[in-house]
Amino acid sequence: MAIQVLIPDDYQLATQQLRFLRQNDQFHCSALGDLSKEPQAESALFSAQALILIRERTVVDEAFLRRTPNLKLISQTGKLARNVDIDVCTRAGVAIVEGVGSPVAPAELTWLLIMASRRKLVSSVNAMKEGRWQTEIGSAVNKQVLGILGYGKIGKRIASYAQAFDMQVQVWGSERARQEAHAAGLRVAENREHFFATSDVITVHQRLVAQTEGNITSADLALMKTDALFVNTSRAELVAEGALYHALCQGRPGYAALDVYEQEPVYNTHNPYLEMPNVLCTPHLGYVEATSYELYFKTAFDNVVRFFAGDTSQVINR
């Protein structure tokens with residue numbers, strides 16, 4: 001009998017288009033949309049012997065594992081994050097393997113948000129559909145100061161994009177981030193306060209760990225210019241709870257572009273950010289891209305095949 005592999009919280013059922021998931025007769029791969037809304041969720045979870053998780057969408061804790069009595073393996077797309085309780089999985093005898101990620105799609109989405117927000121693209125397009133012509137005056141990024149908070153794989157790509165658009169780039173973050181930015185010939189801000197006060201656009205590219213959770217505070221945001229743009233395609237929890245909404249209401253920064261939220265998915269059309277004309281919101285599209293999905297799921301599925309063939313070398317909680 002084929003091993004039952006479930007891909008939960010595949011909101012678009014996008015993995016149904018990935019043929020390699022259906023080409024091994026030893027494995028039966030199925031996908032479910034939002035588990036909180038799927039009527040088939042309980043039966044699918046009960047039968048599942050392996051889960052392929054889409055980034056951090058699915059929270060695996062003790063209560064979740066009670067719904068998956070036959071589960072043997074969790075194969076994570078990308079690096080493991082706080083959505084999976086490793087200790088609980090270990091006690092339940094559920095192995096965990098990690099996948100690979102790519103900075104390309106998130107970096108491109110970040111740059112798209114910067115450009116679209118600066119040129120007020122979405123509101124201009126919507127106005128034209130309503131029969132109104134040239135309703136907005138945007139601003140070019142040329143010669144503006146781009147502040148990159150965090151300087152990993154995505155941050156480095158953003159820096160190269162900004163330089164191609166003749167922006168001035170400055171970096172802030174950990175000691176490692178500042179040293180690498182300096183070695184790359186980029187400006188490192190004098191201090192954290194100077195970074196927030198002098199950047200025309202700030203884009204966040206930190207990992208969410210205990211040291212960075214809530215590290216962007218109301219005091220930081222209050223230093224930003226009244227016409228500055230704050231972009232977050234990383235994690236909403238990097239910002240102290242309520243700090244960004246309060247800052248936008250106070251007018252510092254003047255604009256925001258967001259791809260991540262503390263509670264996802266966002267179905268409430270009255271979400272405060274959606275009702276703010278100075279905020280551009282996208283539904284966590286950073287990694288939702290065809291080439292990225294091919295990479296993420298091919299690796300994650302290969303990890304499943306190896307595990308059930310007896311290769312446990314990739315298991316991180318042995």
Side-chain angles (χ1 to χ4, degrees), residues 55-56 76-82 98-115 118 141-217 219-221 223-225 228-240 244 253 256-260 286-287 289 291-292 295-296 299 316:
R55 305 295 294 194
E56 296 116 72
Q76 176 74 51
T77 57
K79 295 298 182 181
L80 193 69
R82 301 190 306 174
E98 291 183 308
V100 297
S102 168
V104 175
E108 290 188 2
L109 190 277
T110 300
W111 193 254
L112 174 62
L113 288 179
I114 291 172
M115 296 300 296
R118 270 305 190 225
V141 298
N142 178 265
K143 304 303 182 184
Q144 290 196 339
V145 177
L146 175 68
I148 302 176
L149 183 60
Y151 192 65
K153 292 180 180 178
I154 298 176
K156 290 171 183 176
R157 280 187 169 266
I158 296 298
S160 68
Y161 298 167
Q163 289 171 323
F165 279 74
D166 204 18
M167 294 188 79
Q168 303 174 57
V169 178
Q170 66 177 354
V171 172
W172 190 254
S174 65
E175 181 66 24
R176 189 276 311 161
R178 300 198 300 272
Q179 288 180 355
E180 290 191 10
H182 179 75
L186 297 177
R187 180 198 308 175
V188 175
E190 297 173 12
N191 50 50
R192 187 179 183 91
E193 292 76 15
H194 185 265
F195 173 83
F196 278 92
T198 59
S199 296
D200 296 297
V201 179
I202 287 179
T203 181
V204 181
H205 300 290
Q206 294 178 311
R207 291 194 65 188
L208 180 60
V209 295
Q211 293 81 2
T212 59
E213 183 172 5
N215 83 116
I216 302 170
T217 66
D220 291 327
L221 297 171
L223 294 170
M224 294 183 68
K225 301 177 182 180
L229 168 65
F230 180 84
V231 183
N232 191 355
T233 60
S234 295
R235 299 291 180 271
E237 294 84 356
L238 292 168
V239 183
L244 180 59
L258 306 175
D259 190 48
V260 289
Y287 61 88
E289 182 269 333
T291 304
S292 296
L295 171 66
Y296 291 169
T299 302
I316 67 171

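Residues Glu56 and Arg235 are paired through a salt bridge, judged by an N-O separation under 4.0 Å between the basic side chain and the carboxylate.
Among all heavy-atom pairs drawn from Val260 and Ser234, the shortest one is CG1-O, 3.5 Å. Contact between Ala181 and Val188 at its shortest, heavy atoms only, is CB-CG2, 4.1 Å. Nearest heavy-atom pair, Ala257 versus Leu113, reported as atom, atom and distance to 0.1 Å: CB-CB, 4.0 Å. Closest heavy-atom contact between Pro103 and Pro106: O-CD, 3.5 Å. Heavy atoms only, all atoms of each residue included: Arg118 and Ala228 are closest at NH2-CA, 4.0 Å.
Distance check, rounded to the nearest 0.5 Å: CD of Gln144 to OG of Ser199 gives 10.5 Å. Note: Phe195 CZ to Arg187 CZ = 11.0 Å, rounded to the nearest 0.5 Å. With rounding to the nearest 0.5 angstrom, the CD atom of Gln170 is 8.0 Å from the CD1 atom of Ile202. Atom CG of residue Asp259 and atom CG of residue Leu109 lie 5.0 Å apart, to the nearest 0.5 angstrom.
Relative orientation of the Trp111 and Phe165 rings is tilted, given thresholds of 30° and 60° on the angle between their planes.
In this structure, the side chains of Leu186 and Tyr151 come closer than 4.5 Å at one or more pairs of heavy atoms. Gln206 has its side chain within reach of Leu149: a pair of non-hydrogen atoms, C-beta onward, lies under 4.5 Å apart.
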- Walk me through it: do Leu258 and Leu244 pass the test side-chain contact (heavy atoms from CB on, under 4.5 Å)? CA-CA 11 Å; Leu258 306 175; Leu244 180 59; 3.7 Å; yes
- Message: Test side-chain contact (heavy atoms from CB on, under 4.5 Å) on Thr291 and Val104; report intermediate values, then the result.
- Response: CA-CA 10 Å; Thr291 304; Val104 175; over 6 Å; no
- Message: One pair to check against side-chain contact (heavy atoms from CB on, under 4.5 Å): Phe230 and Val204. What are the steps and the verdict?
- Response: CA-CA 8 Å; Phe230 180 84; Val204 181; 3.6 Å; yes
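Other residues, nucleotides and ligands contribute at most 12 non-hydrogen atoms within 6.0 Å of the CZ atom of Arg207.
Listed by first then second residue, pairs satisfying salt bridge (Lys or Arg N to Asp or Glu O under 4.0 Å) with a partner in residues 191-201 read Arg192-Asp220, Asp200-Lys225, not counting sequence neighbours. For residues 147-157, every residue pair satisfying the salt bridge (Lys or Arg N to Asp or Glu O under 4.0 Å) rule, not counting sequence neighbours, is listed here: Lys156-Glu180. Identified under the salt bridge (Lys or Arg N to Asp or Glu O under 4.0 Å) test for residues 100-110, with sequence neighbours left out: none. Counting only residues at least two apart or in different chains, salt bridge (Lys or Arg N to Asp or Glu O under 4.0 Å) contacts with residues 160-172 comprise Lys143-Asp166.
Proximity of a side-chain donor or acceptor of Glu237 to a complementary backbone N or O of Glu213 within less than 3.5 Å is not detected. Panel note: side chain Arg178, backbone Val171; no donor-acceptor pair is recorded below 3.5 Å.
Partners of Arg55 under the side-chain hydrogen bond (donor to acceptor under 3.5 Å, both in side chains) rule, at least two apart in sequence or in another chain, do not exist in this structure. Partners of Ala219 according to the side chain to side chain contact (heavy atoms under 4.5 Å, CB included) rule, which considers only residues two or more places apart in sequence or in another chain, are Thr217.
Between Met167 and the options Ile158, Asn142, Leu146, a side chain to side chain contact (heavy atoms under 4.5 Å, CB included) holds for only Leu146.
In summary, the side chains of Thr233 and Thr110 do present a donor paired with an acceptor at a separation below 3.5 Å, with no hydrogens or angles considered.
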